[in-house]
Amino acid sequence: MEYIPYSSVEMKDGFWHSKQKLNREVTIFAVLEQFQKTGRFDALQCNWKPGMPNKPHIFWDSDIAKWVESAAYILQKGPDERLESICEWVIDQIEKNRTSEGYFNSFYLTVEPQGRWQGRGNHELYCAGHWIEAAVAYYEATGRDRFLHMMEEFARYIQQVFVKEQSASFVTPGHEEIELALYKLYRCTGKTEYRDLSKFFLDNRGVRPREPEAMGIQSHLPVREQKSAKGHAVRAMYLYSAMADIARDCCDQKMQEACEALFQDIVRHKLYITGGIGSSKHGEAFTIPYDLPNKEAYTETCAAIGLIFFSSRLLLSQVDSIYGDVVEQVLYNGFLSGLSLDGKAFFYTNPLELCPEWLEKDVDKPKEDQPWLPWLTQRVKVFGCSCCPPNVTRLLASLGGYQYTYEGDALWVHQYMDSEAVHGGMQIRQETQYPNDGRISITVDGVGRLAFRIPGWCSAYKIFLDGQPWEGEEKRGYVYLRLPPGRHNLELQLDMPCVLVEAHPRVREDAGRVAVRRGPVVYCVESVDNGPMVSEIMLDGKAFWEAEYEETYGMHILHTKGLRRNPDGFGDCLYREMVEDRLPVKITMVPYYAFANRGVSEMQVWLLRA
């Protein structure tokens, strides 16, 4: 089974069409502008000298590489002279400044030329991996192979240093990425040496004498023995994604079992309702099971994207709706919250509770001496560590590649987005206003067997084939239908009520609280709608919900009635004997992904239940 590639899928209308349009017209250029201002592009000229501004950083190359990859995905859908000229300029700089061995890294070619392959935690292989991914994407989009051949030469040099000579001071990277990139290079070129090099880095992780430390690395055990997600969440996702690739390609059962165990540990113990992962700001890392704080949630945007990568790969080895459910959960919530509604600003972290007063509690410091505050209360245009913005642009640009898989004339529909796809002998037209509406109409030709994913949040559904009610075979969260030859219209109707969700009792932060979900979308309250102290709001599970479409969000907002304590009843008292003085209030909830788009405001996902 393989995915129908993003190049064969065109968003036609609806929610994700608008997001891709915003990405193509606004976000990709907003990121470009900031990367130019901060000197990231200039660094590729490798002419920096001490005393000059904008000293190159160890991870700047990865930022530019992801931007080029994003631009390539956009170019796949149509010409854009500006994007193409910038990509060609980047490729020119690499060709001009790389070494005779094919090595390129703007930091080590200028700032520390003596330090090549000496710092495990210094992102050399990470940057190389992103250059490789960019080269593959650009080749597939344009057919030009200059960049691809340069990165093949770079990969062969890495093989020379790490496998043949063993001359580097470390064996496996501190920040994983090269592993999945090499696998992509293998799939693009068909040259098994790149897959073997990817496997080399996996096989040697956690098995050699202790290597120099790097933050949050997953080297505590050999990869086939890892069962619990540990360490830096982004690095873990990139590692696990490569493990899933190699396990499937090489029929490595032990590695596949490790991937499944790691995935289950995440979704059962370490996953926020928004799809965010990595709860701790210390090392941007996983912690112990059920440790899911809301205000302090780190939940980096890149980690959410990484979970999409990992989940989507596991789906190729075992068709189970849990993988598509997680992709959907992340897409509509913990990933999309990383981007502002205007497409120009980003969150690095995505908490589930915001209290600006609480964030400013360090009263000994004025706001101007707490420069990290804007990161947590409002999205910003660029970060010192700006990995998330180009990660957002590349995922949005390639989003169609997560919708469908196929094998022979069998088609699996994993994500519901208004789109059109033509691949092989299959023609697919999906029409839907999902996630605002649970009705999905799909017209297919050349499909002999079709499977719909029934989301885990959906308790009732109906299927119609050519206008007639139809029942299919249910298996692992999918409904399978056999189709006669020819063109057919199928309609899936998913019930999409508003529901209250509670967390496992061991998630202490959420004890006595509930979250609200409609379809795949998680909602939150903000003080801009509901007044201050939103943590006091109480929801009544029996209350009526009203859904109102809001053009600003491209989704519904929700209205209901609830209760909250009367703050005036306390007077000057800090404590009082408990009394029943709850006041009825009208509650407005907005999609979580859209929080913090209307100025600084309190925000809460988990609310008290009446």
Side-chain angles (χ1 to χ4, degrees), residues 2-3 5-8 28 41 44-46 60-81 83-106 109 123-163 173 177-201 238 241-242 245-246 249 309 390-391 393-395 397-398 401:
E2 298 287 347
Y3 279 97
Y6 77 95
S7 56
S8 298
I28 189 74
F41 277 88
L44 302 180
Q45 298 178 80
C46 296
W60 274 7
D61 281 15
S62 67
D63 295 341
I64 303 302
K66 280 185 283 189
W67 187 91
V68 171
E69 184 182 352
S70 306
Y73 294 143
I74 292 171
L75 290 170
Q76 178 74 251
K77 298 299 183 180
D80 187 305
E81 290 184 5
L83 290 180
E84 191 169 339
S85 66
I86 294 168
C87 289
E88 288 292 329
W89 181 88
V90 169
I91 297 166
D92 287 343
Q93 302 314 305
I94 295 172
E95 186 174 44
K96 175 183 175 182
N97 295 301
R98 67 192 183 126
T99 68
S100 59
E101 307 100 330
Y103 176 89
F104 182 84
N105 183 292
S106 65
L109 289 173
H123 294 65
E124 268 179 289
L125 288 173
Y126 171 74
C127 289
H130 278 303
W131 282 128
I132 289 170
E133 285 199 88
V136 170
Y138 196 71
Y139 168 71
E140 292 177 343
T142 66
R144 302 192 202 108
D145 58 9
R146 178 171 64 122
F147 191 14
L148 183 68
H149 289 329
M150 284 193 285
M151 288 305 109
E152 284 195 80
E153 189 174 351
F154 196 177
R156 289 192 293 271
Y157 173 58
I158 291 170
Q159 182 185 44
Q160 179 73 27
V161 169
F162 284 86
V163 180
E177 153 66 18
I178 187 69
E179 303 90 342
L180 68 86
L182 287 166
Y183 184 79
K184 280 190 178 181
L185 188 59
Y186 151 67
R187 289 297 300 266
C188 176
T189 64
K191 298 176 182 178
T192 57
E193 62 188 284
Y194 306 132
R195 181 192 62 189
D196 294 343
L197 183 56
S198 173
K199 191 171 182 294
F200 168 85
F201 286 123
Y238 289 179
S241 294
D245 283 336
I246 295 298
D249 196 273
F309 295 163
N391 231 354
T393 57
R394 69 172 179 157
L395 180 62
S398 59

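Counting begins at 1 with the first residue of the sequence.
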Point to revise | A65 versus A134, closest heavy-atom pair with distance | key: O-CB, 3.4 Å
Revision key, fill the gap. The reported gap from CD1 in I74 to CG in L83 (rounded to nearest 0.5 angstrom) is 5.5 Å
Check your understanding: If you measure from CD1 on I132 to CD on E152, what distance do you get to the nearest 0.5 Å?
Key -> 9.5 Å
Review point. So do L44 and N97 actually touch side chain to side chain, heavy atoms under 4.5 Å?
Key: no
**Study point:** Evaluation steps, side-chain contact (heavy atoms from CB on, under 4.5 Å), between F201 and L197
**Key:** CA-CA 7 Å; F201 286 123; L197 183 56; 3.9 Å; yes
Point to revise | Heavy-atom closest contact (A181 atom, G129 atom, distance) | key: CB-O, 3.1 Å
Review point. How far apart are the closest heavy atoms of E179 and A242, and which atoms are they?
Key: CB-CB, 3.4 Å
Review point. Mind checking whether F309 and Y238 have side chains closer than 4.5 Å, heavy atoms only?
Key: yes
**Study point:** Exercise: identify the closest heavy-atom pair between S100 and E153
**Key:** O-OE2, 3.6 Å
Study note, to complete from the structure: From the list Q93, K96, R98, side-chain contact (heavy atoms from CB on, under 4.5 Å) with F104 holds only for R98
Exercise for review: Would you indicate whether the side-chain heavy atoms of R195 and I246 approach each other to under 4.5 Å?
Suggested key: yes
Practice item. Examine distances only and state if a side-chain atom of S62 and a backbone atom of C127 form a donor-acceptor pair shorter than 3.5 Å. Key: no
Point to revise | Nearest-0.5 Å distance, CG of residue N391 to CD of residue E69 | key: 8.5 Å
Practice item. Look up atom CD1 in I86 and atom CD in E81, then write down how far apart they are to the nearest 0.5 Å. Key: 12.0 Å
Point to revise | Shortest non-hydrogen contact between I94 and M151, atoms and distance | key: CG2-CE, 4.0 Å
Practice item. Flag the pair E140 and K184 as a salt bridge only when some basic side-chain nitrogen lies within less than 4.0 angstrom of an acidic carboxylate oxygen. Key: no
Show me the side-chain donor-acceptor pairs of residues 155-162 shorter than 3.5 Å, one per line, residues at least two apart or across chains.
residue : atom : partner : partner atom : Å
R156    : NH1  : Y194    : OH           : 3.2
Y157    : OH   : R116    : NH1          : 3.1
Q160    : NE2  : E165    : OE2          : 3.3

Exercise for review: Count the heavy atoms belonging to other residues, nucleotides or ligands that lie under 6.0 Å from CD of E2, then report whether that count exceeds 12.
Suggested key: yes
Practice item. Apply side-chain contact (heavy atoms from CB on, under 4.5 Å) to the pair H123 and W60, showing each step before the final yes or no. Key: CA-CA 10 Å; H123 294 65; W60 274 7; over 6 Å; no
Exercise for review: Could you note down all residue pairs passing ring-ring contact (aromatic ring centres under 6.0 Å, His included) where residues 61-81 supplies at least one of them, sequence neighbours left out?
Suggested key: Y6-Y73, F41-W67
Check your understanding: Going through the checks in order, is the side-chain contact (heavy atoms from CB on, under 4.5 Å) test met by Y138 and C87?
Key -> CA-CA 9 Å; Y138 196 71; C87 289; 3.6 Å; yes
Practice item. Check the pair E177, E133 against side-chain contact (heavy atoms from CB on, under 4.5 Å), reporting the backbone distance first and the verdict last. Key: CA-CA 10 Å; E177 153 66 18; E133 285 199 88; 2.6 Å; yes
Revision key, fill the gap. Here the gap from T142 atom OG1 to I91 atom CD1, rounded to the nearest 0.5 Å, amounts to 7.0 Å
Check your understanding: Do C188 and Y139 have side chains that get closer than 4.5 Å, going by heavy atoms?
Key -> yes
Review point. Between L148 and L185, is any pair of side-chain heavy atoms under 4.5 Å apart?
Key: yes
Exercise for review: Calculate, to the nearest 0.5 Å, the distance between atoms NZ and CG belonging to K199 and D249 respectively.
Suggested key: 11.0 Å
Point to revise | Closest non-hydrogen atom pair, Y126 against K66 | key: OH-NZ, 3.6 Å
Review point. Within the distance-only criterion (no hydrogens, no angle test), does the side chain of D63 pair as donor or acceptor with the backbone N or O of P390 below 3.5 angstrom?
Key: no
